[in-house]
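Okay, so here's the structure we're looking at.
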Amino acid sequence: MSSRSHHIGGRTLARCQALQLMFQAEACGRSVADVLAGEYAVDPGPLDEYGEFLARGADECRSDLDHVLSGATRNWSLSRMSATDRNLLRISLYEMLHNDEVPVSVSIDECVELAKDFGSSDESSRFVNGILGRIAAQLDEGVDVVAVARERAAKEAAEAAERSAREAEERARQEAENAAYDDGYGYENESAAEQGASVGSSSDDVPSWANEGE
């Protein structure tokens, strides 16, 4: 990470540490709790209590956070984002939703500043600012973004299941038609072969005594 991590403090440092923990957990396919239970690294250390709060909370609420973020992105899935940008968004959104002591605008500004230093590209700061800004606008309108995101995710899952069922039904229908065609084709060939054998044996099967008088 950027050397700037050695020159920051307070809650900015805590957010930076939370990002490092989230990054390590995702890279290892483990939870933040598992990472903290073993060997982990934060630079600079020691781990700030608020940093641990953000990392644990964002990780535990990851599913809801990802649903909300997915609804705020435009033609850009979370899986396509860099791990740094993705986890910065998760941490900032968790703070926006679960810490009333920190104004939403401050959470966004902090995320933007961290994205400038640790983001995947020069566009990272503007990218995260746009996504979090859209969510902030919904919060200002009193929208329960988590409930809306859960409802949308459930609807998408139901539609995907229905689509999968239709596709499975169509495959089964095609397989049945192919099997019926193969059976019919085999029966026709078998009948033709039997008829050919019958015609071919009509003269050869005449008993030898029938031709003795000739």
Side-chain angles (χ1 to χ4, degrees), residues 1-73 76-121 124-125 127-129 131-133 135-136 139 144-150 153-154 157:
M1 299 183 78
S2 167
S3 59
R4 179 176 180 269
S5 61
H6 294 283
H7 305 288
I8 59 179
R11 287 195 165 179
T12 299
L13 172 60
R15 294 180 182 94
C16 177
Q17 292 177 336
L19 172 62
Q20 294 175 58
L21 290 174
M22 291 285 288
F23 189 92
Q24 291 172 55
E26 187 173 59
C28 299
R30 303 164 65 193
S31 68
V32 167
D34 287 341
V35 170
L36 289 172
E39 294 184 1
Y40 65 90
V42 290
D43 181 26
L47 178 60
D48 185 277
E49 183 179 345
Y50 190 63
E52 181 176 349
F53 163 77
L54 289 176
R56 285 184 183 274
D59 191 51
E60 290 170 0
C61 298
R62 183 182 300 190
S63 179
D64 281 339
L65 297 176
D66 285 357
H67 288 323
V68 175
L69 291 169
S70 295
T73 58
W76 196 266
S77 66
L78 285 176
S79 61
R80 293 179 61 192
M81 297 180 193
S82 72
T84 302
D85 294 351
R86 183 168 53 244
N87 285 304
L88 272 174
L89 286 167
R90 286 167 174 161
I91 292 166
S92 183
L93 179 55
Y94 177 78
E95 186 174 47
M96 290 164 62
L97 296 176
H98 296 280
N99 189 353
D100 295 335
E101 296 179 0
V102 178
V104 168
S105 60
V106 172
S107 294
I108 295 176
D109 288 344
E110 285 287 320
C111 182
V112 169
E113 290 304 312
L114 288 172
K116 290 178 181 178
D117 289 292
F118 307 125
S120 61
S121 72
S124 291
S125 59
F127 179 67
V128 299
N129 185 59
I131 293 174
L132 295 175
I135 297 172
L139 293 174
D144 186 339
V145 293
V146 173
V148 170
R150 286 176 178 173

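Quick note: residue numbers are just sequence positions, from 1.
When every heavy atom of V68 is checked against every heavy atom of V145, the shortest pair comes out as CG2-O, 3.6 Å. The two residues S124 and S120 come nearest to each other via the heavy atoms OG-N, 3.0 Å. Contact between V32 and A55 at its shortest, heavy atoms only, is CG2-O, 3.7 Å. Nearest heavy-atom pair across P103 and E101 is CD-O, 3.6 Å. Heavy atoms only, all atoms of each residue included: A41 and Q20 are closest at O-OE1, 3.9 Å. When every heavy atom of A58 is checked against every heavy atom of M22, the shortest pair comes out as CB-CE, 3.9 Å.
The side-chain heavy atoms of R11 and V106, taken from C-beta on, include no pair separated by under 4.5 Å. Under the 4.5 Å side-chain criterion, counting only non-hydrogen atoms from C-beta, N99 is not in contact with L54.
A donor-acceptor contact shorter than 3.5 Å is absent between the side chain of E52 and the backbone of L47. For S92 (side chain) and S107 (main-chain N/O), a donor-acceptor pair under 3.5 Å exists by modelled atom type. Counting only distance, with no hydrogens or angles, the side chain of Q17 and the backbone of D48 share a donor-acceptor pair below 3.5 Å.
Rounding to the nearest 0.5 Å places CD1 of I135 at 5.0 Å from CG of L93. Note that the CD1 atom of I91 and the CG atom of L114 stand 8.0 Å from one another [nearest 0.5 Å]. For the atom pair T73 OG1 and R80 CZ, the distance stands at 10.0 Å (nearest 0.5 Å). Atom CG in N87 sits 5.0 Å away from atom CZ in R90 (nearest 0.5 Å). One distance of note links OH of Y94 with CD of E60; it measures 7.0 Å at 0.5 Å rounding. Taking CG of L88 as the reference point, atom CE of M81 lies at 11.0 Å (rounded to 0.5 Å).
Look at R15 and E113 and you find no salt bridge, because none of the NZ, NE, NH1 or NH2 atoms lies under 4.0 Å from a carboxylate O. A salt bridge does not link D59 with R56: none of the charged nitrogens is closer than 4.0 Å to a carboxylate oxygen.
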Side chain to side chain contact (heavy atoms under 4.5 Å, CB included) assessment of V112 paired with L132: CA-CA 10 Å; V112 169; L132 295 175; 6.0 Å; no
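Judged by distance alone, the side chains of E110 and T12 do bring a donor and an acceptor atom under 3.5 Å apart. Checking T84 against S82 by side-chain atom types alone, no donor-acceptor pair falls below 3.5 Å. In the model, Y50 has a side-chain atom that pairs as donor or acceptor with a side-chain atom of E95 under 3.5 Å.
Environment of CZ in F23: sparse, with no more than 12 heavy atoms of neighbouring residues, nucleotides or ligands closer than 6.0 Å.
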